[in-house]
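The structure appears right after this line, and notes come after that.
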Amino acid sequence: MLKKSLVVILALLIAATALAGCGQKPAEQGKEEQPQTEASKILRVGVMSNPPKLDPVFATDTSSSRVIYQIFETLVDYDNEGNVQPLLAESWDISEDALEYVFHLRKGVKFHSSVAGEPTANGGREVTADDWIWSFNYILNPDTNSPRAYFLDMIKGYEDYQEKKTEQIAGISKVDDYTIKIELDYPFAPFLSILAYNTFNVLPKEDVEKHGTDQFNFHPVGTGPFKFEEWIQDDKIVLSKNENYWAKDENGNQLPYLDGVEFGIVTDLAMQWTEFGLGNFDIIEEVDDPYYHEAKEMANFIERAELGTYYYGFNLTMAPFKDNKPLRQAFNYAIDRQGLIDIVKNGRALPASGALPPGMMGYDENIEPKYTYDVEKAKALLKEAGYPNGIKVELTYNTSDAHKRIAEALQAQFKKAGIDVSLKNIDWGALLDAADRLEVPFFRMGWVADYPDPDNFLYVLLHSNNIGPNGNYTGFSNKDFDEITMKARIETDPAVREELYKKAESIAREEAPWLFIYHYTTHGLAQPYVKNMRVPFFGAYSLKYTNLDIEK
């Protein structure tokens with residue numbers, strides 16, 4: 001059974017404790033740390049995979065996001081508890097009917113003056129309202145084809161703009177050089193939260209047009225605390241300090257404190273742990289399960305709940321899962337989630353019977369069906385599904401020791417119910433591409449919240465509008481579910497919204513487009529000399545290094 005303390009953490013989403021920064025690395029980790037001079041504070045971060053994208057307009061995954069957060073900035077941001085706070089907008093006004101938002105922009109914000117060691121096309125100029133107007137129109141332009149543009153489909157004129165009836169989106173306008181107005185077609189409760197999502201950054205028109213859609217990915221230019229310098233595929237990404245960054249700390253000191261960041265791409269988590277022990281990484285953003293008990297004894301280890309769900313997707317557009325609900329349900333009854341979590345995950349998760357994680361509006365552990373471990377029920381459902389003698393399927397997962405261990409554990413569990421699962425691993429970018437095109441029948445996937453609202457799970461991942469790269473990788477399409485989630489989007493009464501999302505969640509559980517596995521926790525581990533380390537509300541991948549420092 002999951003430890004009571006962890007259940008409380010998962011249910012209540014308590015705040016992470018700041019790192020004390022005074023812990024010592026265990027002696028058994030080996031050699032002394034490699035010294036770093038005060039004149040060169042380069043933060044070395046171990047990451048699991050090569051990011052598919054560094055252009056925020058096209059990135060949809062956490063591997064890309066952890067780098068994008070350092071280079072680009074949005075109008076608003078989140079504090080450590082998930083509350084919206086100012087970033088490049090100093091303040092905003094909302095009309096009584098919640099249809100009009102006026103953002104007052106921060107003055108003195110400048111685009112990066114260099115990229116990859118060369119001058120940028122924008123020259124490091126100041127950001128004004130015109131840049132925001134251009135950026136929103138570029139991101140939402142149907143020709144740009146941003147996979148997350150539809151997150152803002154409630155903005156007035158979005159549909160006409162998508163259908164190319166207008167040259168600009170009607171609902172975004174300039175008031176003056178430092179003020180913009182955004183008008184909505186209907187009130188949408190999580191609108192401000194969506195604006196913090198890392199697709200909706202301000203972009204320099206000159207650099208986007210100079211490099212084009214394809215090459216801007218390799219020459220990303222924003223306003224963030226760090227500038228892009230180098231990307232060696234499957235090896236490292238190097239960022240340098242933005243010397244013209246707008247922010248200062250509470251004492252008036254220029255931010256960021258660091259001189260640069262180097263992301264080292266090490267897919268072997270055992271090797272990543274070893275490199276951390278040798279002092280070759282200052283932060284690792286994934287502590288693999290075999291090292292968890294050792295890591296959690298360190299003073300500079302932080303763990304907290306995360307709004308996210310780890311699942312395997314059934315492709316409902318092809319055999320054997322198409323039009324076969326009993327088969328999908330059989331898979332869900334065939335696995336021992338708690339056993340998997342206890343043995344493979346060291347108790348670091350909560351069993352999932354649905355899409356919504358604990359702490360999210362609409363989550364209710366009593367919603368039926370509850371997918372308990374029931375081998376006999378799984379066998380009965382297999383027979384009902386037309387497979388009385390069992391079934392053979394292939395699971396495609398992205399390369400990672402952690403994913404492999406989970407897949408192998410579930411593979412063994414499946415066999416007891418007569419389900420023979422073979423395993424195929426491919427890299428993360430290839431899996432995303434295949435899922436976008438609905439090309440694989442059974443695949444590993446996970447989702448962590450882009451904004452803290454059930455809309456981001458149920459509408460984004462399961463509404464038929466979003467089949468394919470928008471997030472619905474299973475091809476799930478259910479008329480009742482679609483109607484309920486659309487109604488919930490425009491509902492303003494929180495109590496009514498919650499009941500609608502419970503109904504939608506119930507349909508999702510019953511129809512089982514996913515093998516629901518577990519809900520995440522997130523964590524971070526830093527060397528004791530890394531100061532101001534924390535794990536943000538949305539997880540370690542969303543940590544911004546603006547305030548981090550190295551003191552030896």
Side-chain angles (χ1 to χ4, degrees), residues 43 45-80 82 84 87-88 135 139 146-152 193-203 216-218 220-228 231 236-239 261-265 267 283-286 304 306-310 357 398 400 427-429 431-433 435-436 445-453 456-457 460-461 469-471 473 520 522-524 534-546 548:
L43 185 76
V45 183
V47 297
M48 290 169 45
S49 58
N50 192 59
K53 302 286 184 183
L54 292 187
D55 184 340
V57 177
F58 300 101
T60 62
D61 67 295
T62 56
S63 296
S64 301
S65 296
R66 63 169 39 95
V67 182
I68 287 170
Y69 275 121
Q70 318 311 324
I71 300 173
F72 297 92
E73 292 179 309
T74 48
L75 283 169
V76 296
D77 195 8
Y78 295 106
D79 65 16
N80 213 46
V84 176
L87 189 58
L88 295 191
S135 296
I139 295 166
S146 169
R148 292 295 179 256
Y150 76 98
F151 276 18
L152 294 180
S193 296
I194 290 177
L195 292 181
Y197 182 63
N198 62 18
T199 286
F200 306 114
N201 301 281
V202 65
L203 306 169
F216 188 73
N217 186 60
F218 303 101
V221 180
T223 63
F226 298 97
K227 304 181 296 183
F228 176 83
W231 185 2
K236 65 180 179 179
I237 295 171
V238 180
L239 311 180
V261 181
E262 181 175 307
F263 295 91
I265 301 163
T267 59
I283 293 176
I284 52 174
E285 294 185 328
E286 181 66 28
R304 67 182 298 173
E306 185 173 19
L307 294 174
T309 303
Y310 188 100
N398 54 299
S400 159
D427 72 37
W428 176 228
L431 179 58
L432 275 180
D433 288 342
D436 283 350
M445 195 58 66
W447 187 263
V448 293
D450 300 314
Y451 48 96
D453 192 272
N456 186 233
F457 282 79
V460 170
L461 301 179
N470 283 357
Y473 302 124
Y520 293 106
T522 184
H523 61 267
R534 62 187 179 87
V535 173
F537 178 78
F538 282 106
Y541 78 93
S542 63
L543 176 64
K544 299 180 181 181
Y545 304 144
T546 312
L548 263 59

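Residue numbers run from 1 in the order of the sequence given. Values below: all heavy atoms of this structure, side chains included; hydrogens, waters and symmetry mates excluded.
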Are a donor atom and an acceptor atom from the side chains of Asn50 and Trp231 found within less than 3.5 Å of each other?
-> yes

Short side-chain to backbone donor-acceptor contact, Thr199 and Pro56, under 3.5 Å | yes

Rounded to the nearest 0.5 Å, how far does CD of Glu286 lie from OG1 of Thr522?
-> 8.0 Å

Does any non-hydrogen side-chain atom of Trp447 lie less than 4.5 Å from one of Thr309?
-> no

May I ask you to test the Phe457-Pro357 pair for a side-chain heavy-atom distance under 4.5 Å?
-> yes

For the residue pair Ala540 and His523, what are the closest heavy atoms and their distance?
-> CB-O, 3.2 Å

Side-chain heavy-atom pair Arg66, Val45 within 4.5 angstrom cut-off = no

Residues passing the side chain to side chain contact (heavy atoms under 4.5 Å, CB included) test with Thr267, sequence neighbours excluded, are none

Salt bridge (charged side-chain N to carboxylate O under 4.0 Å, His left out) partners of Asp450, counting only residues at least two apart | none

Decide yes or no for Asp77 and Tyr69: does some side-chain heavy atom of the first lie under 4.5 Å from some side-chain heavy atom of the second?
-> no

Does Tyr545 offer a backbone N or O that forms a donor-acceptor pair with the side chain of Gln70 under 3.5 Å?
-> yes

Sub-3.5 Å donor-acceptor pair from the side chain of Arg148 to the main-chain atoms of Asn470, do we have one?
-> yes

Rounded to the nearest 0.5 Å, how far does CG of Leu43 lie from CG of Leu548?
-> 6.0 Å

Working to the nearest 0.5 Å, report the span between CD1 of Ile71 and NZ of Lys227.
-> 11.5 Å

Determine yes or no for a side-chain-to-main-chain donor-acceptor pair under 3.5 angstrom, with Thr74 supplying the side chain and Phe200 the backbone.
-> no

Would you say the side-chain atoms of Tyr78 pair up with the backbone N or O of Phe538, donor to acceptor, closer than 3.5 Å?
-> no

Nearest heavy-atom approach of Leu307 to Pro452 is CD1-CB, 4.2 Å

Identify the heavy atoms of Pro469 and Pro147 that sit nearest to each other, and give their distance.
-> O-CB, 4.0 Å

State, yes or no, whether a side-chain contact exists between Leu54 and Ile237 at a heavy-atom distance under 4.5 Å.
-> yes

Where the side chain of Asn398 meets the backbone of Asp427, is there a donor-acceptor pair that is under 3.5 Å apart?
-> no

At what distance, to the nearest 0.5 angstrom, does OH of Tyr473 lie from CG of Asp436?
-> 5.0 Å

For the residue pair Ile139 and Asn201, establish whether any side-chain heavy-atom pair is separated by less than 4.5 Å.
-> no

OG on Ser542 to CD1 on Ile68, rounded to 0.5 Å = 13.0 Å

Rounded to the nearest 0.5 Å, how far apart are CZ of Phe228 and CG of Leu239?
-> 8.0 Å

Would you say Asn456's side chain and Asp453's backbone share a donor-acceptor pair under 3.5 angstrom?
-> no

Is there a donor-acceptor pair closer than 3.5 Å between any side-chain N or O of Arg304 and the backbone N or O of Val535?
-> yes

Quick one: does Asn217's side chain have a donor or acceptor within less than 3.5 Å of a partner on Lys53's backbone?
-> no

Would you call the rings of Tyr197 and Phe151 parallel, tilted or perpendicular, where under 30° means parallel and over 60° means perpendicular?
-> tilted

